Participant: 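Input: one structure, supplied below.
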Amino acid sequence: MSKEKNIQQQVDAEKKKEHTSVLEKIRRRTGLLVGIVGLALVIFILESLLGSGASIFGNDEMSTVGYINGRKIDRNDFVNRVEMQLNNYRQRNQTNDIDDATRTSVIDNVWQQYVSEIVVRPQFDKIGITVGDDEVYERVVANPVPFVLQQISDPNTGKVNEQIAKPDGSLDLNKWKQVIQTLPADQEAGIRQIEDNVKNSRYYEKFRAIVNKGLYVTTAEAKEVFKAQSTKMNVSFVVKRYDALSDSAVKITDSDIQKYYSDHSYEFMNPETSRSVEYVAFNVVPSPSDLEQIEKDAQRTASEFKGKSMKEDSAFMQQESENGNITVQDFTKKSMIVRDSTIFVAAPGAVYGPYNEGAYFKIYKLQAINSIADSAKVRHILIGINDPKTNQPKRSKEQAKKMADSLLVVIKSKAATFDTLVKTQSDDQGSIDKGGDYGWFDENKGFVDPFKNAGLMGTKGNISVVETQFGYHIIEVLDVSKGRHNSYKVAQIFKPIAPSDETNQKIFAEANQFGGMNNTAELFDKGVKEQKLVPRIADNIKEGDRQLPNLANARDMVRWVYTAKKGDVSTFSFADKHIVAKISGIKNKGVLPLEEVKDDVTGKVIREKKAEQFLGEFAKQAAGAKNVEDVAAKMGLDVRKTEALLMNSRNVEGLGPDDIFVGTASGTKAGTTSKAVAGNNGVFILAVNSVASEPAPKDFNMEKSQIEQSMSGRSDYEILNALKEISDIEDHKSRID
């Protein structure tokens, strides 16, 4: 048996022992409780953490999804963890559907768990952080933390499951302890998963506390930060920009390039493996024949729409419009989208179109003309579907409707006042303090249409229940304006202008033919040039990418990119195009080879040569100059100025981003002139004309506190990144996708 396997078995044994000890301790401490909870209750509470089912992944010859500090991440172990989390998601959300975003999120989360275990957790051991059984017991059983409460709550309501809840809805600790006490052995995995999460969280809490206690900002540091943020400099300067001399005028040698690359290899460190492709797109667009057929169908639809009654409109629109959408909107004369002005004098039932509006042929039908107030004022009580504080489901639509109808009866019978019910029942946090009143509004106000229409089409004193996407509103019309105008209700049918299957197949054949005839890098480049195609670049492609610029759902293409060789060519199909792609670059993690970065190195060498030449010109031509004006006159350059330049600025007016310029200005005394300096954009000489500083505070405690808070907020992210950078991580989790 290998040494690695022995070590792993020891680790697994320790984990099992650890789990057992915690669970046993929980049971011992709940042993005096009376009453036994049925097995059905145990299963009900823990079913979201257990569950079973066939693996979502097919067989794969590759047995690993990566390596972390030399440890192989076994594919089967990884998949098991993913499966457990997906089953958790299925049970909690009462669904068998797992969308791509959820699947990707779970896979990423599992990978981060491995990184935490192998890269971060050992750091806890090194500095002596431990989490005892008592701490786990306290957070899981005696005083459950929010994470635990979430696991034993109904995901639809956010409330603790009724079987372990008190009459007021809060957790009954005795019942929860009974669940733990009577847990059968084959159901322990759920509790262990909870324990692991709680224990890991506690490790991180302690680690953060240690780090934050170690963060300290001295008064001297706070003074420097204050100075950089508040000191403003007025600067005059002359600059000879590098682009004043063409690159072709600069002579460099291969040895110059090699020397720069050797001396500055750190500049070409690639932190993560990536790929780049060059591709040509054969866009799938409707042919003239397609357009003709779509227009004929739209004309048929318009003709039949005219003959439909208002009661038949919805079913007809659902049948004829894209995705079965039923679109009905209210318009004024100013906002009307129908291009025919006769709609304003037409009778309801008039049909307009079809109009070619780019992506669609659109057909419009005037359904009604309503006289509405120019403005109105209402107050309301919202009986929402979701909790306004957590945005989690609070009640069903049926429950909300029943409650709203009941409140309407209470208000009309004067059993309670509107003002009282707003404060005690409304879920609209933004209007409770105003008695449910948002003031006067017109049809341009950003309220949903049913809410607006209740006021604009209502009469003063009217009270009604109105449904919106947020729930049910009890709305009282407080007042309406005397001025009124017409509102035009228009139904719309959308006919997508899309290519036919025949056209799609024809364009695919063109792309396939190009790819087949140009299946090497040399032939690809030649074919692109001969056919005058426009190549596009997809750069910095990571192995786990699913989307690429202008290419959605590109997973198959990314998978090919990471299994093929540089120069390979292949054809891929997307929803709106077929592409032929060539792998144009492969960048592995580490210092990139010179041939991969030669263009970049060459540019930097040329800039260095220009800087040397310009520095020589300044030394020779501007010798003896007393100020920047003299330098400008001798060099034939203009004097430029930048006002109120802060010491922590990154950008210089009239020059661009240049840290070297800002640093030089910050180190130059007021009334003095710098020497010639090679900056980011050119060689410059500057003079600091004046410096204005804000009065320093009596003490810098506030500044120190702000800096420490900022450091604390970044510490988690930066520490984890630092640990990752010094670790050997090879990520292939996309292989199981």
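In this text, all values refer to a predicted model and were calculated from it rather than measured experimentally.
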Participant: Applying salt bridge (charged side-chain N to carboxylate O under 4.0 Å, His left out), can you list everything that pairs with Asp427, at least two apart in sequence or on another chain?
Facilitator: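 If we apply the salt bridge (charged side-chain N to carboxylate O under 4.0 Å, His left out) test to Asp427, skipping adjacent residues, the hits are Lys394, Arg395.
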Participant: Show every ring-ring contact (aromatic ring centres under 6.0 Å, His included) that has at least one partner inside residues 629-664, sequence neighbours left out.
Facilitator: Phe237-Phe661, Phe661-Phe684
Participant: Using a 3.5 Å cut-off and no angle test, enumerate the donor-acceptor pairs between side-chain atoms of residues 209-220 and protein atoms at least two apart in sequence or in another chain.
Facilitator:
from   : atom 1 : to     : atom 2 : distance (Å)
Asn212 : OD1    : Ser712 : OG     : 2.9
Asn212 : ND2    : Arg208 : O      : 3.3
Thr218 : OG1    : Glu221 : N      : 3.1
Thr218 : OG1    : Glu221 : OE1    : 3.3

Participant: Looking at Glu117 and Arg81, is there a salt bridge between them, counting it only when a charged N and a carboxylate O are closer than 4.0 Å?
Facilitator: yes
Participant: Apply salt bridge (charged side-chain N to carboxylate O under 4.0 Å, His left out) to Asp100 and list each qualifying residue two or more places apart in sequence or on a separate chain.
Facilitator: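 Residues passing salt bridge (charged side-chain N to carboxylate O under 4.0 Å, His left out) with Asp100: none at all.
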Participant: What's the spacing between Ser727 OG and Ile118 CD1 if we round to 0.5 Å?
Facilitator: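 Here the interatomic distance stands at 9.5 Å.
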Participant: Do any N or O atoms from the side chain of Lys240 and from the backbone of Gly682 form a donor-acceptor pair under 3.5 angstrom?
Facilitator: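 Pair absent, no side-chain N/O of Lys240 close to backbone of Gly682.
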Participant: Under the side-chain hydrogen bond (donor to acceptor under 3.5 Å, both in side chains) rule, collect the residues that match up with Asp428, sequence neighbours excluded.
Facilitator: His380, Ser431, Tyr438
Participant: Quick one: does Thr672's side chain have a donor or acceptor within less than 3.5 Å of a partner on Lys669's backbone?
Facilitator: yes
Participant: Apply ring-ring contact (aromatic ring centres under 6.0 Å, His included) to Tyr114 and list each qualifying residue two or more places apart in sequence or on a separate chain.
Facilitator: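 Applying ring-ring contact (aromatic ring centres under 6.0 Å, His included) to Tyr114 gives Phe78.
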Participant: Would you mind writing out the side-chain donor-acceptor pairs for residues 599-608 within the sub-3.5 Å range, not counting sequence neighbours?
Facilitator:
from   : atom 1 : to     : atom 2 : distance (Å)
Thr602 : OG1    : Lys598 : O      : 2.7
Arg607 : NH1    : Asn680 : O      : 3.1

Participant: Ion pair present between Asp247 and Lys610, side-chain N to carboxylate O less than 4.0 angstrom?
Facilitator: yes
Participant: Just verifying a value: how many Å separate Thr253 OG1 and Lys251 NZ, rounded to the nearest 0.5 Å?
Facilitator: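 Answer for the OG1-NZ pair, Thr253 versus Lys251, is 12.5 Å.
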Participant: Taking Thr642 for its side chain and Val652 for its backbone only, find out whether a donor-acceptor pair lies under 3.5 Å.
Facilitator: no
Participant: Taking only Lys NZ, Arg NE, NH1 and NH2, and the carboxylate oxygens of Asp or Glu, determine whether Asp539 and Arg275 approach each other closer than 4.0 Å.
Facilitator: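 Salt bridge: no.
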Participant: Can you sort out the partners of Asp638 under salt bridge (charged side-chain N to carboxylate O under 4.0 Å, His left out), two or more places apart, ordered by chain and number?
Facilitator: none
Participant: Only counting residues at least two apart or in another chain, list the ones meeting side-chain hydrogen bond (donor to acceptor under 3.5 Å, both in side chains) with Ser710.
Facilitator: Arg714
Participant: Who pairs with Asp545 by side chain to side chain contact (heavy atoms under 4.5 Å, CB included), at least two apart in sequence or on another chain?
Facilitator: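 Asp545 satisfies side chain to side chain contact (heavy atoms under 4.5 Å, CB included) with Ile541, Lys542, Leu548, Val558 only.
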Participant: Does the distance from a Lys or Arg side-chain N to an Asp or Glu carboxylate O, for Lys206 and Glu135, drop under 4.0 Å?
Facilitator: yes
Participant: Kindly write out the residues that satisfy side-chain hydrogen bond (donor to acceptor under 3.5 Å, both in side chains) with Lys259, not counting sequence neighbours, or none if the list is empty.
Facilitator: Asp263
Participant: For Asp243, what residues pass the salt bridge (charged side-chain N to carboxylate O under 4.0 Å, His left out) criterion, not counting sequence neighbours?
Facilitator: Arg241
